[in-house]
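These notes concern the structure reproduced below.
Every heavy atom of this structure was used, including side-chain atoms; hydrogens, water molecules and symmetry mates were not. Every chain is numbered from 1, with letters handed out A, B, ... down the list of sequences.
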Protein chains: 2
Amino acid sequence: MSVTQTEILIELSTAILRHHNDRLECRLVGEAEASLSKRLPFGPFMPDQHRTMEIGLRHWVREQVGVDLAHVEQLYTFADQGRHASGEAAHIVSVGYLALTRTPEQTLESEKQTPAEDGDWEDLYAFFPWEDWRQGRPEILDARILPALDKWLEKEPHAGDRVRLAFGRDGAQWDEEFVLERYELLYEAALVEEALIDQGKQRKHPKPALGLALHLDHRRILATALGRLRSKLKYRPVIFDLMPSGFTLRALQSTTEMVMGVNLHQQNFRRLVEKSGFLISTGRTQRARGRPAEVFRLRHNERTERPLSGLRVTAGRAKPNSP
Amino acid sequence: MSVTQTEILIELSTAILRHHNDRLECRLVGEAEASLSKRLPFGPFMPDQHRTMEIGLRHWVREQVGVDLAHVEQLYTFADQGRHASGEAAHIVSVGYLALTRTPEQTLESEKQTPAEDGDWEDLYAFFPWEDWRQGRPEILDARILPALDKWLEKEPHAGDRVRLAFGRDGAQWDEEFVLERYELLYEAALVEEALIDQGKQRKHPKPALGLALHLDHRRILATALGRLRSKLKYRPVIFDLMPSGFTLRALQSTTEMVMGVNLHQQNFRRLVEKSGFLISTGRTQRARGRPAEVFRLRHNERTERPLSGLRVTAGRAKPNSP
DNA sequence: TTCTTTATACTCAAATTGAGCATAACTGGT
DNA sequence: ACCAGTTATGCTCAATTTGAGTATAAAGAA
């Protein structure tokens, strides 16, 4: 059995997320110079130096970013032709990872300004504005996305059902986990900038782009990351890997809402969390504007491995914060 | 940024599952000759010839196995050193896939003998006897696995909590999704044959092995596949990709039980499925020993993409079939 | 006919979920 | 000190879902 003709190069790319500045943020590297935008932290997998890919990944993250990773999870391996600049000597296979990092410590209201070392953390929803339903249904959906998809569907009617399910039309429910499916459809319909670039077309901005673009397929990896995280929240306690050691229930809820992109019923969220038994009260209390809140911490925080059951949050019919 | 020193070779390996002969079966290839046992269907990824890895995978499956794949899903990419025979020129990275294939058609009770072309399909639980709880708690657990793990834990006490959670001891629930976690623990404790081989130790059968071994890390891929399938059943309707076009509710339940490794409450299963709205009755009926059963088929079977909601089966407290 | 077997139909209580209302404990302004 | 605004926490209640049975229907076998 003969061997590959083109040399294969494995690129490890990581979506590193954190909750900071009251946003869900993603770490980016690279100067926003010439050609295209930023990229995820990444580096080649070098089997001679790294026993496993995760070790390699932690190496690159340590080198490019100065953060401790709380949770690391392999997402998907992409090897599509055409997603990477062709004409290169090697064929690039890209292995995407999701990593979560804990908020340093109690971000007090007073010191919200970003410290200098913070480098390049971008609001995750800047890449996917249609995924954030916390203020209600995003206008961009009805104003631009669905009309554009409808126009595309005239040429590609076979995709009608996929659009219907991914974007929750005609009775189908909006499923917040289908982040990747939605992004892929927008890519296929050439509504995101990366699609135009991959097709070699000029960037003739007929309309402003849908969300910020990223290098190569990095936004696809990011979409996979968000979808996976949203899904995983429901059955594994990964949300705590975004929290500092002590936190209020309100902070936990905000983080959850940020990830899920929807608002939750506060009292029911409290009931859910208390019943789950994950948390234990530190005697402390934290004060802000209203009544001071009890500060909790994770029970089993000695163990890094905690394959427990997750939070089972559901979007429910909670009203958006504002009109 | 320089390039890898060792050449990288990507191997695509697929766990192909089907429900046949009243078993959940996995397709194997390769003569059970010299060194080690069978392997999963596999082949190298050749970027010059296959635009995506999935296309490459379908190519190898078509070449080695003569089945139509209903569902194909990428599982995980393994690149651990030491899991593959070292000393080779290239470093092998192994991308594991799960594929489901539909039972050809109504397997009548009368023709249960395996046709000749059936080649090499092995009972999945031959590899993981501790995962099948349909006849009640497998004896192998208390008879051999847990005692051996306890002995191992004396040397590696740090793994105590992982064992507790994976194998459901001291109040922890047995979670049928933790197939991979359990297999990895058995590997680390050197209780499966692959571990001995990877350590270069002689095969000095002190005790019979735990389950059938496979080539390289193929059993790990298979464990990943079973765990993923068990998990996915609960939120996506993948079970139907193991069914023929028409089937009775009892057949659907049996397949589900086979995958989950537990028995379900028949009346509640029926209620669940009916409420889900996936099925539609063909007027037909199928008879066997008792009252004839209605034959159903999937509603949307025109579409291959059906990101709908899944079955949410729970193990409940159903009693095992027999003592 | 009378068993035996399997399918299907209902019932019922316990648990969970979705939504509110009510109260407590602060801050800030007057 | 008092009041308005804000956030946390406690509790209730009805609708739904779940777990587990009991009852009945429709075959084949004895």
Rounded to whole Å, the CZ-P distance (Phe269(A) to dT16(C)) equals 18 Å
*If you take atom types as modelled and just measure distance, does the side chain of Arg271(A) reach the base of dG18(C) with a donor-acceptor pair under 3.5 Å?*
yes
Hits for salt bridge (Lys or Arg N to Asp or Glu O under 4.0 Å) against Glu122(B), two or more places apart or cross-chain, chain-then-number order -> none
**Study point:** Ion pair Arg228(B)/Glu177(B), N-O distance below 4.0 Å
**Key:** no
Hey, are Arg102(A) and Asp68(A) close enough for a salt bridge, meaning a charged N less than 4.0 Å from a carboxylate O? no
Contacts of Glu139(A) meeting side chain to side chain contact (heavy atoms under 4.5 Å, CB included) (sequence neighbours excluded), chain-then-number -> none
Separation of dT5(C) atom P from Arg250(B) atom CZ, nearest Å, is 15 Å
From CG of Leu279(A) across to C1' of dA8(D) the rounded distance in Å is 15 Å
In whole angstroms, the gap separating P of dT6(C) from CD of Gln253(B) amounts to 13 Å
Electrostatic pair Arg162(A):Glu184(A) at N-O distance under 4.0 angstrom: no
Separation of dT18(D) atom C1' from Lys275(B) atom NZ, nearest Å, is 9 Å
Scoring nucleotides 25-30 of chain C by protein non-hydrogen atoms under 4.0 Å (B base, S sugar-phosphate only, - none) yields BBS---
- Side-chain contact, heavy-atom cut-off 4.5 Å: Arg23(A) with Leu124(A)? no
Side-chain contact check for His265(B): nearest option of dT18(D), dA20(D), dG18(C) is dA20(D)
Testing dA9(C), dC12(C), dG18(C) for proximity to the side chain of Gln267(B), the answer is dA9(C)
Atom CG of Asn268(B) and atom P of dT22(D) are separated, to the nearest Å, by 14 Å
Gln266(A) CD to dT23(C) C1', in whole Å, measures 14 Å
Side-chain atoms of Ala293(A) come closest, of dG18(C), dA8(D), dG10(D), to dA8(D)
Note to self: Hydrogens and angles aside, do Thr285(A) and Glu294(A) bring a side-chain donor and acceptor to less than 3.5 Å of each other?
What the structure shows: no
Here the distance between atom P of dA8(D) and atom CD of Glu274(A), to the nearest Å, is 13 Å
